[in-house]
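As structure tokens, the structure follows; a few thoughts come after it.
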Amino acid sequence: MTILWLDTETRSRVDLVSRGAYNYAKSPTTEILCLSYAFDDEDVQTWTPTTPFPKKLYDYFGGDGQIRVHNAAFDRLIIWYVICPDFGVPEPALERFYCTAAQARANCAPGSLEDVGRFAGVGMKKDHRGAALVRALSIPQADGTFREDAALMREMIEYCEQDVRAMRAFSKAMRDLTDDELLDYHVNERINDRGVRLDRPLAQAAVRYAAAEQDEIETRFRELTGLPSVRSPRMREWVLERVGPQAKAMMMVWKDGEQKASIDKTVRANLLAMENPDEVPPEVAEVVQCADDLWASSVAKFERASALSDDQDSRVRGAFVFAGGSATGRASSYGLQVHNFPRKCAKEPELVRQALVRGHQIVPQFGKRVTDVLKSMLRPALIPAEGKSFAVFDYAQIEARVTPWLSMQGEETLDVFRQGRDIYVAVAARMFNVDEAAVTDEQRQLGKVAVLACGFGGGVGAFSAMGRVYGVHMPEHEARRTVDLWRRANPWAVPFWSDLEFAYISAIRCPGEVFTAGRVQYMMQGEHLWYALPSGRVLCYPYARIEEDGVGYAKASWKPAADAKEWPRARLWKGLACENIVQATANDILRHALRALDAADIEVVLHVHDEIVAEVDTEKSEELAAAMRAVMVTPPAWAEGLPLGASGKVLSRYGKA
């Protein structure tokens, strides 16, 4: 099969960063500067609009061969909305596009073309020349005109051609996307193309409360730290004094030949991503979040959504990054950032919306702080099209089901789900040695916290952190006793974690051999520790090796500082291994459902963690919602014996089902 490799360079009066790829590509001011391309292993060539469109390229666009592009969505939109209409070129179908950034992420490498080389150890120094060329030629000058410079244009063509060569080289060196992965990528892109409608008047009204929200953030920061402001130079030291050793190491960067602590954007993102209360205590995470909130508050989210929404239909497109989650392949989100939306929703969103749009007082009627009210309206700001409703369904306790199923030892737990019993009650009954009918509300709550906290090797710290979320507070010795009770009530858990640890360590020590733990297999091949899921999908821990403090690997999601000497490394332990395979398997369940819903023409507009949101005709909403649930609870062939459940409802605004 012939493969076409290509890259484009463009210019426009639309700001790509703020307005997004869809608005950028659709703008009549957007023009193509050059298109660099190569067929298979042929030399890279470049077409510019000053010459006729190449016949071979024209014929290929009208054919059926594969088109490989890095961050393919952008170039696909440029081809569809600029090149095809402006130059009379046939429009290639979505299914012909193959994204090499998605391929990199599916192989647990960074999606950035620049970072792939740094990640692989080719060189840690960033090349900023491409960005400089874009600023010079692709962005309007102060007077609104574009710079015309033949020498810089020749340099841009050389840069574009080199990107094609680099993309082709690393793509051919990596494992290809499987047929299923490529199909899932195309499903993801159809969801991106469909987009979701924004209540723009609501979003714009929320922006007007920006000053009040920022004051709230500063106040909360002062309450937690006693420092005068998030911008205080003492803030970094305050965090450093309270985090664990791994987090401390993550905060250290080299600057001017000296190692110093940092709390910059990358460090903050890495600290918040740890989700380990022993390393980053909840109050420290909140302080770090305050710093992020000041620059990326709910107001900023409303501003971002407004800017990204289409001027014609108010839909925000391109929100989902396929395989954006490191080590699991879960989707992440970009721009709209729906994965970071607070779970809390306003109880009466229509009333809150009315108050916001009319500029009425929203505190204390709808919340204690402006921040809380605005956060509670982020989800309800997404609405279906006229005549449509949202069918919102969430997989029920998916991780609590997948974990014992993967272990192949948890049939007693799986029977609870098969029989429709309450898992939190069942676990509490086993923990406290009472009949399920005798379980008290307090015991059920302890069972719930234990199920949520302990499944991935969580100890006292994890239980206490989860307990705070659900209002369960107890001394350390009682928390330890509760964790021990959960482990005794789930005798499959500890052996499974140990089996995982034995399997991945053995695989590293015996390259080429396969080691099995439950339904998962590990194998060390080259420098990477691979693991195969029951679905057949494979993921890896790149550049894994046994180090002084255990197994270490390069983590794609941890971005190095500009002056870093090597890519940051993370530690693999049995709890993390369990969490990764469970979340990856849950994602395979979600992908299977999205594929089936796509085939059934049920129009999914959002998928967030274990939740799916479809836009359905209001008149047929109950019927279509039932069909959607039926798809979600039907396990794929490879998941035989895994009991699935899903609950949800039909809504007029996005919210908690």
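The backbone N or O of Leu113 sits less than 3.5 Å from a side-chain atom of His70, completing a donor-acceptor pair. Put simply, the side chain of Arg629 gets close to the backbone of Ala646: a donor and an acceptor are under 3.5 Å apart. Judged by distance alone, the side chain of Asn23 and the main-chain N or O of Arg19 form a donor-acceptor pair under 3.5 Å. Formation of a donor-acceptor pair under 3.5 Å by the Arg315 side chain with backbone atoms of Arg194 is found in this model. A donor-acceptor pair is defined here as one N or O able to donate and one able to accept, closer than 3.5 Å; no such pair exists between the side chain of Glu615 and the backbone of Pro384. Panel note: side chain Thr328, backbone Asn580; no donor-acceptor pair is recorded below 3.5 Å. Put simply, the side chain of Ser309 gets close to the backbone of Ser306: a donor and an acceptor are under 3.5 Å apart. No donor-acceptor pair under 3.5 Å is formed between the side chain of His186 and the backbone N or O of Glu181. Remark: the backbone N or O of Glu399 is paired with a side-chain donor or acceptor of Thr403 at under 3.5 angstrom. A distance-only check finds a donor-acceptor pair linking the side chain of Ser138 to the backbone of Thr10 [under 3.5 Å].
Using a 4.5 Å heavy-atom threshold, the side chains of Lys555 and Pro568 count as separate. Proximity of His360 to Gln354: side-chain heavy atoms (C-beta onward) are nowhere separated by under 4.5 Å. Residues Arg571 and Leu576 form no side-chain contact, since every pair of their non-hydrogen atoms from C-beta on lies 4.5 Å or further apart. In this structure, the side chains of Val187 and Asp598 come closer than 4.5 Å at one or more pairs of heavy atoms. Contact of the Leu224 side chain with the Val284 side chain is not registered, since no non-hydrogen atoms from C-beta on lie closer than 4.5 Å. Between Cys99 and Phe322, the closest side-chain pair of non-hydrogen atoms is not below 4.5 Å. Lys301 places none of its side-chain heavy atoms less than 4.5 Å from the side chain of Lys375. Between Tyr395 and His609 there is no side-chain heavy-atom pair separated by less than 4.5 Å.
Distance check: Leu271 CG to Gln246 CD gives 11.5 Å after rounding to the nearest 0.5 Å. Atom CD1 in Ile398 sits 10.5 Å away from atom CG in Asn587 (nearest 0.5 Å). Summarising the geometry, atom CG belonging to Leu198 is positioned 12.5 Å from atom CZ belonging to Arg304; distances are rounded to the nearest 0.5 Å. For the atom pair Thr618 OG1 and Glu386 CD, the distance stands at 9.5 Å (nearest 0.5 Å). To the nearest 0.5 Å, atoms CD (Glu603) and CE (Met628) are separated by 12.0 Å. Within the model, atoms CD of Glu189 and CZ of Arg317 stand 13.5 Å from one another, a figure rounded to the nearest 0.5 Å.
Applying the salt bridge (charged side-chain N to carboxylate O under 4.0 Å, His left out) test to Arg444 and every residue at least two apart in sequence or in another chain returns Asp422. Among residues two or more places apart in sequence or in another chain, the salt bridge (charged side-chain N to carboxylate O under 4.0 Å, His left out) test is passed with Lys559 by Asp115. For Asp15, the salt bridge (charged side-chain N to carboxylate O under 4.0 Å, His left out) test picks out no residue, with sequence neighbours left out. In this view, Tyr654 satisfies the ring pair (Phe, Tyr, Trp, His ring centres under 6.0 Å) rule with no residue, not counting sequence neighbours. Partners of Leu651 according to the side-chain contact (heavy atoms from CB on, under 4.5 Å) rule, which considers only residues two or more places apart in sequence or in another chain, are Val392, Lys649. Listed by chain and number, the residues in a side-chain contact (heavy atoms from CB on, under 4.5 Å) with Asp199 are Pro201, Leu202, Arg353, Ile383, Arg653 (sequence neighbours excluded). Evaluation of the salt bridge (charged side-chain N to carboxylate O under 4.0 Å, His left out) rule for Arg105 yields no partner, not counting sequence neighbours. With sequence neighbours excluded, no residue forms a ring pair (Phe, Tyr, Trp, His ring centres under 6.0 Å) with Phe390. Scored by the side-chain contact (heavy atoms from CB on, under 4.5 Å) test, Tyr470 finds Gln445, Lys448, Val449, Leu452, Met466 as partners (sequence neighbours excluded).
In this structure, the ring of Phe74 has its center less than 6.0 angstrom from the ring center of Tyr24.
Across Tyr185 and Ala72, no two heavy atoms sit closer than the pair OH-CB, 3.6 Å. Heavy atoms only, all atoms of each residue included: Trp567 and Trp558 are closest at NE1-O, 3.3 Å. Considering every non-hydrogen atom in both Phe302 and Ala381, the closest pair reads CE2-CB, 3.8 Å. Minimum interatomic distance between Val321 and Tyr334 (heavy atoms only, all atoms of both residues): CG2-CB, 3.7 Å. In terms of heavy atoms, Ser298 sits closest to Leu378 at CB-CD1, 4.0 Å. Here the closest heavy-atom approach between residue Leu539 and residue Cys108 is recorded as CD2-SG, 3.7 Å.
Using a 4.0 Å cut-off between charged nitrogen and carboxylate oxygen, Arg595 and Asp184 count as a salt-bridge pair.
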Pairs under 3.5 angstrom only: tabulate donor-acceptor contacts from the side chains of residues 336-343 to other protein residues two or more places apart or in another chain.
residue	atom	partner	partner atom	Å
Gln337	OE1	Asn340	ND2	3.2
His339	ND1	Ser333	OG	3.0
His339	NE2	Ala331	O	3.3

Show me the side-chain donor-acceptor pairs of residues 233-242 shorter than 3.5 Å, one per line, residues at least two apart or across chains.
residue	atom	partner	partner atom	Å
Arg236	NH1	Ala261	O	3.4
Arg242	NH1	Trp238	O	2.9

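The salt bridge (charged side-chain N to carboxylate O under 4.0 Å, His left out) contacts involving residues 580-589 comprise Arg537-Asp588, where partners must be two or more places apart or lie in separate chains.
Shown here is Glu442, whose CD atom has no more than 12 heavy atoms of other residues, nucleotides or ligands within 6.0 Å. Remark: Glu283 CD is packed, more than 12 non-hydrogen atoms of other residues, nucleotides or ligands lying under 6.0 Å away.
Side-chain atoms of Ser621 and Ser389 include no donor-acceptor pair closer than 3.5 Å.
For the side chain to side chain contact (heavy atoms under 4.5 Å, CB included) with Lys26, the qualifying choice from Val14, Asp310, Leu77, Asp311 is Asp310, the only one to do so.
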- Going through the checks in order, is the salt bridge (charged side-chain N to carboxylate O under 4.0 Å, His left out) test met by Asp313 and Arg197? CA-CA 7 Å; Asp313 60 13; Arg197 186 183 177 203; over 6 Å; no
- Task: Please lay out, stage by stage, how Asn192 and Tyr22 fare under the test side-chain hydrogen bond (donor to acceptor under 3.5 Å, both in side chains).
- Result: CA-CA 10 Å; Asn192 276 338; Tyr22 286 81; 5.1 Å; no
- Message: Set out, in order, the CA-CA distance, both residues' side-chain angles and the distance that settles side-chain contact (heavy atoms from CB on, under 4.5 Å) for Trp80 and Asp193, then state yes or no.
- Response: CA-CA 12 Å; Trp80 282 2; Asp193 288 354; 3.9 Å; yes
